[in-house]
Amino acid sequence: MERVYIEDLRKHIGETVTVQGWLQTLRDQKKMQFLVVRDLTGMVQVVLEKAADPELAATISGLTQESNLTLTGLVIDNPIVKLGGLEMQLTTLKVEALAASPLPFDPSADTLPMLDFRMDWRFLDLRRPVNALLFQVQTTLEQAWREYWLQNRFVEIHSPKLMGSPSESGAELFEVAYFERKAYLAQSPQFYKQMGMAAGFDRVFEIGPVFRADPSFTSRHMTEFTGIDMEMSWIESHEDVMAFQERWLQYAWQAVKDRHGAAVQELFGREIVVPSVPFPRITMKQALEILKEEGYTLPADKKGDIDPGGERTLADWVKRNHDHEFFFLTDWPITVRPFYHMRYEDQPEITKSFDLIAGGLEIATGAQREHRYDVLARQAQGKGLGLESIQFYLDFFKYGCPPHGGFGLGLSRTLVVLLGLNNIREAVYLFRGPNRLEP
RNA sequence: GGGGGCGUGGUGUAGUGGUUGAACAUGCGGCCCUGUCAAGGCCGAGACCGCGGGUUCGAAUCCCGUCGCUCCCGCCA
């Protein structure tokens with residue numbers, strides 16, 4: 001018999017159907033047995049009058065919580081049942097897998113173990129409906145982004161994650177044994193997505209893993225995460241990139257609201273607010289003035305950078321003055337930006353760059369790139385980089401590469417902001433950090 | 001890499017020097033009751049209080065070390 005999803009049971013009142021799922025609760029009474037079965041779409045009460053089938057009743061008595069069941073029975077409307085006002089009268093049951101007991105923890109309990117313990121048993125943690133929803137939201141996000149890219153003539157690329165030489169800085173790269181020599185895990189597809197511009201692809205995007213060997217112990221860092229990267233040609237400035245990004249984000253927020261708005265409200269207690277465009281833009285110069293007015297003192301050694309506390313203060317200011325959850329922080333000084341960011345002709349100390357701050361969290365960084373070979377080489381040297389190690393990259397710009405720019409955005413950080421989570425480890429399938437390589 | 005906090009039955013917590021034979025909730029096992037529904041009732045098993053050392057007549061409780069977790073800063077997505 002074909003499987004019916006629990007959320008569709010009401011369409012089958014009076015029919016005998018099969019559902020498959022997990023035993024969440026068993027109430028084994030003297031004459032009756034009640035099973036609460038959960039699948040990805042919901043929960044249903046299944047009943048058996050023990051006298052009607054003593055053998056089946058005995059099987060049910062031996063079931064453990066979270067066992068996998070295939071159940072067939074008659075769906076009946078029953079307003080007395082608190083769970084959806086219907087129930088299934090069991091006729092046959094197949095135990096697909098009996099769960100060991102006791103469980104390390106009960107995924108349906110009110111009080112949850114601490115995050116680190118749940119990560120040890122992530123597959124149990126992911127059985128919680130709230131987590132199933134989180135990954136459905138993630139799927140919708142990625143689909144919407146892809147739709148928007150495809151509507152705008154983007155091409156998807158998959159760049160290598162093994163690299164022969166430390167490229168940008170070298171400090172934050174993982175080293176791996178590669179036959180007789182060393183290789184490095186890519187900490188960004190930056191160079192390779194720019195190659196797509198030199199290749200004449202005009203616009204490319206990539207969704208892929210990114211590795212950072214930073215020993216960071218915070219609620220927003222991981223050593224491996226999924227990067228959302230794009231690059232577009234023939235732009236006039238980083239403003240074109242921001243204008244694209246805000247509409248691209250707006251489109252995805254709308255898709256999540258349309259498809260999961262009600263569920264997110266119910267399980268995360270959060271309303272999805274589709275942001276208006278354009279997002280507010282604040283230059284670094286303005287930001288420093290705002291922080292001064294707000295009475296926020298930056299640490300002395302910031303060299304024109306803004307710390308997370310400053311970013312949150314600015315986010316509050318934007319919320320108050322523009323009623324917006326997002327803002328672009330633009331025009332960063334060259335001291336805190338990589339060599340490939342383009343600089344203003346009339347302000348050589350300032351880059352045509354931006355960060356996107358959402359809910360006080362930095363979720364993306366972008367810029368117009370320097371596409372002129374000579375200027376790029378000079379800027380690299382100015383940063384103290386040896387040209388030999390990046391010659392393959394510089395070559396991209398030697399034989400005609402159009403003006404271009406792009407951004408990199410963190411997938412899990414975006415989910416943190418979208419769903420109002422307090423730790424990035426809640427937002428990722430399996431967390432990787434300095435002390436976490438398992439499971 | 002720097003700083004703060006925490007570490008008690010499976011899980012979440014209480015207890016901060018002596019009526020502690022370490023408590024409570026939940027989970028687990030057994031029994032009872034019941035068309036139940038976050039079910040209810042009774043009984044039971046389960047921790048030598050992360051680990052090592054020290055102070056003290058006496059340490060889960062104080063001190064030192066160590067390991068683990070966590071948050072903040074730095075760095076970034």
Side-chain angles (χ1 to χ4, degrees), chain A residues 24-37 43-50 64-66 76 78-87 89 100-121 124-125 168-169 171-172 187-190 207-229 298-299 301-303 305-312 332 336-338 355-358 361-366 407-417 422-425 427-428 433-436:
Chain A
Q24 181 155 319
T25 307
L26 169 62
R27 288 187 284 273
D28 195 352
Q29 302 183 177
K30 196 170 196 174
K31 296 177 190 165
M32 308 281 293
Q33 286 170 323
F34 298 90
L35 299 82
V36 177
V37 176
M43 294 190 287
V44 66
Q45 170 165 293
V46 178
V47 284
L48 177 72
E49 212 165 326
K50 289 169 119 173
T64 50
Q65 197 184 354
E66 292 295 310
I76 61 165
N78 186 348
I80 291 172
V81 179
K82 292 180 181 173
L83 197 58
L86 58 76
E87 65 185 358
Q89 293 181 335
S101 177
L103 296 159
F105 75 95
D106 177 0
S108 56
D110 302 337
T111 55
L112 286 171
M114 294 188 317
L115 181 55
D116 192 58
F117 184 85
R118 281 187 283 124
M119 286 197 293
D120 288 339
W121 300 96
L124 286 177
D125 193 35
E168 286 188 49
S169 65
E172 52 189 22
Q187 32 66 291
S188 152
Q190 183 60 38
I207 297 178
V210 174
F211 303 91
R212 303 278 167 92
D214 290 320
S216 296
F217 299 92
T218 75
S219 55
R220 60 186 186 282
H221 286 86
M222 302 188 275
T223 50
E224 176 180 352
F225 63 92
T226 301
I228 310 291
D229 274 87
L298 283 166
D301 57 342
K302 293 302 289 183
K303 294 185 296 188
D305 204 349
I306 287 180
D307 64 331
E311 286 177 352
R312 288 190 289 271
W332 293 66
V336 295
R337 290 279 151 161
D355 274 9
L356 175 61
I357 315 294
L361 181 66
E362 189 177 324
I363 64 169
T365 297
F407 65 81
L409 170 137
L411 175 60
S412 298
R413 282 194 179 184
T414 303
L415 281 163
V416 164
V417 170
N422 57 28
N423 196 312
I424 201 162
R425 292 165 216 190
V428 66
N435 294 324
R436 174 65 71 168

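No hydrogens, no waters, no symmetry mates; every other heavy atom, side chains included, goes into these values.
Taking for each of Leu112(A) and Gly410(A) the nucleotide of RNA chain B with the nearest heavy atom, the 5'-most of the two is the partner of Leu112(A).
Between Arg212(A) and C76(B), a side-chain N or O to OP1/OP2 separation shorter than 4.0 Å is absent. Between Ser219(A) and C72(B) there is a side-chain N or O to OP1 or OP2 distance below 4.0 Å. The side chain of Asn435(A) contributes no N or O atom lying less than 4.0 Å from OP1 or OP2 of U70(B). Remark: Arg436(A) is not in phosphate contact with U70(B), judged by side-chain N or O atoms under 4.0 Å from OP1 or OP2. Side-chain nitrogen and oxygen atoms of Ser101(A) include none within less than 4.0 Å of the OP1 or OP2 phosphate oxygen of C28(B).
Rounded to an integer number of Å, the gap from CZ of Arg118(A) to C1' of G12(B) is 12 Å. Here C37(B) presents its P atom at 18 Å from CG of Leu48(A), a figure rounded to the nearest Å. In this entry the distance linking CG of Asp307(A) with C1' of C76(B) reads 13 Å, nearest Å. With rounding to whole Å, Asn423(A) atom CG is found 13 Å from C72(B) atom C1'. A straight line from CD of Glu66(A) to C1' of G27(B) spans 13 Å, rounded to a whole angstrom. Following rounding to the nearest Å, Trp332(A) (CH2) and C75(B) (P) show an atom-to-atom distance of 10 Å. Rounded to an integer number of Å, the gap from CD of Gln33(A) to C1' of U34(B) is 14 Å. Rounded to whole Å, atom C1' of C75(B) lies 14 Å from atom CG of Leu361(A).
Nucleotides G50(B) and G9(B), compared at atom C1', are 14 Å apart to the nearest Å. Rounded to whole Å, the C1' atom of G5(B) lies 29 Å from the corresponding atom of G58(B). Comparing U8(B) with A23(B), their C1' atoms are spaced 11 Å from each other, to the whole Å. The separation of G4(B) from G27(B), taken at their C1' atoms, amounts to 34 Å, rounded to a whole angstrom. Nucleotides G15(B) and C37(B), compared at atom P, are 34 Å apart to the nearest Å. When the P atom is compared between G3(B) and U66(B), the two are found 12 Å apart, to the nearest whole Å. Nucleotides A14(B) and G30(B), compared at atom P, are 32 Å apart to the nearest Å. Comparing the P positions of C72(B) and A60(B) gives a spacing of 34 Å, expressed to the nearest Å.
Within 4.0 Å (heavy atoms only), Met222(A) reaches at least one base atom of the nucleic acid. Contacts of Phe117(A) with the nucleic acid, taken as non-hydrogen atoms under 4.0 Å apart, involve only primed sugar atoms and P, OP1 or OP2. Here Ala109(A) lies out of heavy-atom contact (under 4.0 Å) with every strand. Across all strands, Phe34(A) comes closer than 4.0 Å to base atoms (heavy-atom distances). Residue-level contact check: Thr365(A) touches the backbone only, with heavy atoms under 4.0 Å from sugar-phosphate atoms and none from bases. Using a 4.0 Å heavy-atom criterion, one finds that Glu87(A) contacts the bases of the nucleic acid, with or without backbone contacts as well. Using a 4.0 Å heavy-atom criterion, one finds that Pro215(A) contacts the bases of the nucleic acid, with or without backbone contacts as well. Ile80(A) comes within contact range of at least one nucleobase, with a heavy-atom separation under 4.0 Å. Counting non-hydrogen atoms under 4.0 angstrom, Arg337(A) reaches nothing in the nucleic acid.
With a cut-off of 3.5 Å on both Watson-Crick or G-U wobble distances, the partner of G12(B) is given as C24(B). Pair assignment for G7(B): C67(B), on the basis of Watson-Crick or G-U wobble contacts that are both within less than 3.5 Å. Applying the Watson-Crick and G-U wobble criteria (two distances, each under 3.5 Å), A77(B) pairs with nothing in any strand. Base pairing of C48(B) is not made with any nucleotide, judged by Watson-Crick or G-U wobble geometry with both donor-acceptor distances under 3.5 Å. Look at U36(B): it lacks any Watson-Crick or wobble partner with both distances under 3.5 angstrom.
Of the candidates C72(B), U34(B), A39(B), the closest approach to any side-chain atom of Lys30(A) belongs to U34(B). The side chain of Asp116(A) lies closest to U70(B) when the candidates are C73(B), U11(B), U70(B). Comparing C71(B), C37(B), A77(B) against the side chain of Arg425(A) picks out C71(B) as the nearest. Checking U36(B), G27(B), A77(B) against the side-chain heavy atoms of Pro102(A) singles out G27(B) as nearest. Distance from the side chain of Val81(A) is smallest to C37(B) among C72(B), C37(B), C76(B). Here G35(B) is the nucleotide among G35(B), U70(B), C71(B) with the atom lying nearest to any side-chain atom of Val47(A). Here A38(B) is the nucleotide among U11(B), A38(B), C72(B) with the atom lying nearest to any side-chain atom of Lys82(A). Residue Arg220(A) places its side chain closer to C73(B) than to any other of G12(B), C73(B), A77(B). Ranking C28(B), C69(B), A77(B) by closeness to the Gln65(A) side chain, first place goes to C28(B).
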Item to check | Steps toward side-chain contact (heavy atoms from CB on, under 4.5 Å) verdict (Thr223(A), Arg436(A)) | outcome: CA-CA 9 Å; Thr223(A) 50; Arg436(A) 174 65 71 168; over 6 Å; no
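Atom NE2 of His221(A) and atom CZ of Arg212(A) lie 9.0 Å apart (nearest 0.5 Å).
In this structure, Lys50(A) pairs ionically with Asp28(A), as a charged nitrogen and a carboxylate oxygen lie closer than 4.0 Å. Under the 4.0 Å criterion applied to side-chain N and carboxylate O atoms, Asp307(A) and Arg312(A) are not assigned as salt-bridge partners.
Taking only distance into account, the side chain of Gln45(A) meets the base of U36(B) through a donor-acceptor pair shorter than 3.5 Å.
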